[in-house]
Amino acid sequence: MNFDYSIGGMTDLCQRLEAVRRRIQAACQQHQRDDNEVQLLAVSKTQSIEAVNAVWRCGQTRFGENYAQELLEKSTALAQAEWHFIGALQSNKSRLVAEHASWVHGIDRIKIAERLSAQRPDHLPALQCLIQVNIDLESNKNGVTLDELPALIDAIRELPTLRLRGLMAIPLATDNECEQRRSFAAMRQAFDEHRSDEHWDTLSMGMSQDLEAAIAEGSTLVRIGTAIFGPRQYA
Ligand SMILES: *Cc1c(COP(=O)(O)O)cnc(C)c1O
């Protein structure tokens, strides 16, 4: 007998996606939030296009990628999905991102925002942008400090073809829920302080290990990779 493990694997993906949705619902319920306040971004970096297609067929519509080349390949293969670029933005890759993403989460300097604005094709809607904040001031992470945030917000708002939607953070990795919540709460406070127009509506925080803490503190979008796709498939 030959078993087709790919089919079993794909069913598994749907079950894991459902399990993540249930975690989101449970966290919303626990913190008196409506579940439609929290969007799920499936982070498909390093995963095959077959796996992405399977998750799409289970009803997931938003996907996140960290590498411009993978964004290009997968967004071309599955153009109906909404593609978010969540990786570190290098200047020489900004054109690919401007041409293939609907959202960019990691803006942390005006130069890159200007490039994205100039490179966004005219026939596409505005590129939806989030500023990355280095909330725990880690030397190995991108992002602005809270002090640098106001100037960057003002500068991005001047740019045509970009629409600033809010903030994103990747806090210090820890499994201590108090520490997780402390970073997320600081983000939430910054998010509330800088709210100024009706487009400021997205606070991107929470991953597989800490989505509950993020939702407790007001996340509106969680970015989930491993809990949906399993371990990453590094070549
Ligand atoms: C990889 C990645 C994720 C997903 O992380 P998991 O722990 O696998 O859920 C979320 N956000 C960013 C920015 C990432 O690079």
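In this chain, residues are counted from 1 in sequence order. Remember, it's 1-based here, ligands and their atoms both numbered in the order they're listed. Side-chain atoms are counted along with the backbone in the values below, which use heavy atoms only and exclude waters and symmetry mates.
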Report task. Of the side chain and backbone of Gln209, name the one, both, or neither that has a heavy atom under 4.0 Å from an atom of ligand 1. Result -> neither

Query raised in the report: Can you name the side-chain contact (heavy atoms from CB on, under 4.5 Å) partners of Arg232, sequence neighbours left out?
Result: Lys45, Thr46, Gln47, Thr226, Tyr234

Query - Single-linkage hydrophobic cluster, 4.5 Å side-chain cutoff, Met187 and Phe191 together - result: yes

Requested in this report: Using a strict cut-off of 4.0 Å, indicate which atoms of ligand 1 neighbour a heavy atom of Asn66.
Outcome: 14 (C), 15 (O)

Requested in this report: State if His105 counts as touching ligand 1 under the rule of any non-hydrogen atom under 4.0 Å.
Outcome: no

Query raised in the report: Of the protein's non-hydrogen atoms, which lies at the shortest distance from atom 11 (N) of ligand 1, and what is that distance?
Result: Arg223 NE, 2.8 Å

Query raised in the report: Which heavy atom in Arg120 sits nearest to a heavy atom in Ala98, and how many Å separate them?
Result: NH1-O, 2.7 Å

Query raised in the report: Less than 3.5 Å between some nitrogen or oxygen of Thr226 and one of ligand 1, yes or no?
Result: yes

Query raised in the report: Is there a donor-acceptor contact under 3.5 Å from the side chain of Asp108 to the main chain of Gly143?
Result: yes

Query raised in the report: So which protein heavy atom does atom 10 (C) of ligand 1 come closest to, and at what separation?
Result: Met207 SD, 3.1 Å

Query - Worked verdict on Leu159 versus Leu116 for side-chain contact (heavy atoms from CB on, under 4.5 Å) - result: CA-CA 10 Å; Leu159 294 173; Leu116 289 169; over 6 Å; no

Report summary line: Leu40 and Arg62 have their tightest heavy-atom pair at O-CB, 3.8 Å

**Report entry** Side-chain H-bond candidate by donor/acceptor type, Gln128 with Arg163, under 3.5 Å
**Finding:** no

**Report entry** With Ser94, the side-chain hydrogen bond (donor to acceptor under 3.5 Å, both in side chains) member among Glu99, Glu114, Arg115
**Finding:** Arg115

Query - Proximal ligand 1 atoms for Ile86, defined as those under 4.0 Å from one of its heavy atoms - result: 11 (N), 12 (C), 13 (C), 14 (C)

Report task. Provide the number and element of each atom of ligand 1 under 4.0 Å from a heavy atom of Ile224. Result -> 9 (O)

Report task. Note the single closest protein heavy atom to atom 2 (C) of ligand 1, along with its residue, its atom name and the distance in Å. Result -> Lys45 NZ, 2.5 Å

Report task. Give yes or no for whether the N/O distance cutoff of 3.5 Å, strictly under, is met between Gly225 and ligand 1. Result -> yes

Query raised in the report: Which of the atoms in ligand 1, numbered in the order shown and given with their element, are less than 4.0 Å from a heavy-atom of Ile170?
Result: 13 (C)

Query raised in the report: Nearest protein heavy-atom contact for atom 9 (O) of ligand 1: which residue, which atom, what distance?
Result: Ser208 OG, 2.5 Å

